[in-house]
4 protein chains.
Amino acid sequence: MDAALLTIAPAAPEPIYRQIVEQLRRMIVSGQLKPGERLPSVRDVAGQHAINPMTVSRAYSLLEGESLLVRQRGTGMTVAATRSTHSAHERMQLLEPRLHDLARAIRELELSTPHVLDRLNQLLEDQDERHA
Amino acid sequence: MDAALLTIAPAAPEPIYRQIVEQLRRMIVSGQLKPGERLPSVRDVAGQHAINPMTVSRAYSLLEGESLLVRQRGTGMTVAATRSTHSAHERMQLLEPRLHDLARAIRELELSTPHVLDRLNQLLEDQDERHA
Amino acid sequence: MDAALLTIAPAAPEPIYRQIVEQLRRMIVSGQLKPGERLPSVRDVAGQHAINPMTVSRAYSLLEGESLLVRQRGTGMTVAATRSTHSAHERMQLLEPRLHDLARAIRELELSTPHVLDRLNQLLEDQDERHA
Amino acid sequence: MDAALLTIAPAAPEPIYRQIVEQLRRMIVSGQLKPGERLPSVRDVAGQHAINPMTVSRAYSLLEGESLLVRQRGTGMTVAATRSTHSAHERMQLLEPRLHDLARAIRELELSTPHVLDRLNQLLEDQDERHA
DNA sequence: GTGGTCTAGACCACT
DNA sequence: GTGGTCTAGACCACG
């Protein structure tokens with residue numbers, strides 16, 4: 001069920017190709033997409049989400065440039081074997097800038113620490129239930 | 001010491017005018033900037049951060065459009081009196097989209113909940129110390 | 001005279017965007033394009049060579065991804081300050097794969113070493129005269 | 001020992017079928033593969049290098065189209081008798097485009113002529129030793 | 001079947 | 001003015 005692999009928000013401020021890049025990057029470095037695993041074809045993804053194939057292709061190419069995907073000539077893209085799965089520490093690094101910005105926003109809004117932590121915890125539990 | 005009022009990162013992905021808008025908005029709705037308080041002039045802000053005055057002006061105009069700032073003839077922009085300070089619940093709403101995106105990213109990265117909450121807590125403490 | 005900055009061969013097997021990427025990369029790492037120097041605009045390059053602006057933009061974006069160019073918001077692309085100029089040794093590395101392939105081709109063609117070296121030397125002198 | 005006849009790099013930018021075409025062409029025009037000599041079967045080559053038989057077949061067909069190979073009914077492909085061995089001058093022509101591109105790249109990288117010629121000379125000596 | 005390249009043109013975002 | 005994004009569609013290259 002590749003149908004649920006990606007979530008695209010066409011109206012979001014973040015460009016579509018980057019939504020794809022970032023979701024795939026996170027799933028690759030966490031090992032949810034395993035080395036050697038084949039990605040859905042450009043045309044499939046484009047068709048499922050009613051977007052232009054070139055937009056998908058652009059995302060794949062960028063990930064190829066990061067050496068997270070490799071092009072298997074004539075047969076599509078697969079997850080790269082080398083250095084694709086990262087340690088928890090490395091994955092945490094990917095989150096650092098967001099956490100810094102968030103901490104700053106929280107203090108500018110004068111919100112209490114437990115209030116925000118509770119809410120975030122709750123959202124994470126919601127996610128876990130949805131995928132359980 | 002207006003010098004420290006805003007933090008601008010010209011190379012950040014978020015456009016400069018929006019960095020200004022969002023920082024000011026948060027400080028206004030939380031009451032850190034009080035109704036009637038005068039903002040630094042466009043020229044001052046532009047000079048301090050070496051950015052284009054039009055960029056600052058645009059940010060001020062947007063906040064004026066939200067009725068968070070008012071243009072005082074001859075004396076520059078001041079924080080609006082009406083409805084500028086919000087309840088904790090309203091302020092929390094401003095954070096919701098970020099928290100949703102963050103929760104999603106955390107799960108795609110397969111990071112543990114306590115790990116992330118601890119780190120966020122730590123960043124908030126760092127902020128508090130810096131401003132103490 | 002930016003007119004002569006790039007040489008595009010639309011009929012070459014190598015895609016246009018990559019011709020641009022590789023020429024610029026070599027000129028940046030060699031210091032012929034200096035840190036901070038502004039590149040001709042996407043529209044200029046596209047107009048001069050009668051190609052689509054998106055093709056040029058794609059090349060610029062790839063170099064931005066390599067951190068060889070930086071986007072100056074609203075004002076165009078400039079050569080990155082950090083690590084743009086490389087040592088002779090590093091530049092030589094960029095040539096190694098080509099030299100290996102070439103050596104292999106020369107031996108498969110059973111050409112004599114001096115014959116080829118002389119010819120290459122001559123072509124380099126021709127280049128030097130053209131730019132003198 | 002046909003095993004060493006071809007060197008295939010599946011991940012190289014040059015397509016596999018063209019790697020085969022060019023290596024064989026060079027060995028034919030130089031006389032390393034002699035008129036009448038039988039080539040390994042499509043199936044053999046494909047098996048040895050773990051590539052698609054159609055890819056090998058395509059390469060053989062292209063060389064047949066250049067009249068460098070002939071299809072011998074029932075016995076596979078053999079090197080063509082006519083006009084297969086070329087003069088040194090003709091073989092040099094096959095190298096000209098690469099040498100031009102190389103000269104250009106060398107100058108864009110601002111490398112010194114002797115530096116590059118020495119390195120190329122060294123690579124050629126390495127090749128000679130390997131085949132001695 | 002796969003992905004890649006390029007175009008023409010629209011529209012947006014930023015300064 | 002600058003670059004960015006996306007589309008629709010054509011055509012190519014590869015296996």
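None of the values given here were measured: they were computed from a predicted structure. Every chain is numbered from 1 and lettered A, B, ... according to where its sequence line falls, protein lines coming before strand lines.
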Among E:dG4, E:dG3, F:dG15, which nucleotide sits nearest the side chain of A:Ser57? E:dG4

To the side chain of C:Thr55, which of E:dT7, F:dG4, E:dT2 is closest? E:dT7

Only pairs at least two apart or in different chains count here, so list each side chain to side chain donor-acceptor pair (under 3.5 Å) that has a residue in residues 10-20 of chain C. none

Within the 4.0 Å heavy-atom criterion, would you say [X] contacts the bases, only the backbone, or no part of the nucleic acid?
X	result
A:Ile51	sugar-phosphate
A:Arg43	base
D:Asn52	sugar-phosphate
B:Arg58	base

Which heavy atom of C:Met27 sits nearest to which heavy atom of C:Leu5, and what is that distance? CE-O, 3.6 Å

If you fit an axis to the five pairs at each end of the helix from E:dG1-F:dC14 to E:dC14-F:dG1, how big is the angle between those two axes, to 10 degrees? 30°

Stretch residues 14-27 of chain C: residues that reach within less than 4.0 Å of DNA chain E through a heavy atom: C:Pro15, C:Ile16, C:Tyr17, C:Arg18

Atom NE2 of A:His49 and atom C1' of F:dT7: how far apart are they, to the nearest Å? 18 Å

Select from D:Met54 and C:Arg71 the residue whose nearest nucleotide in DNA chain F is closer to the 5' end of that strand. C:Arg71

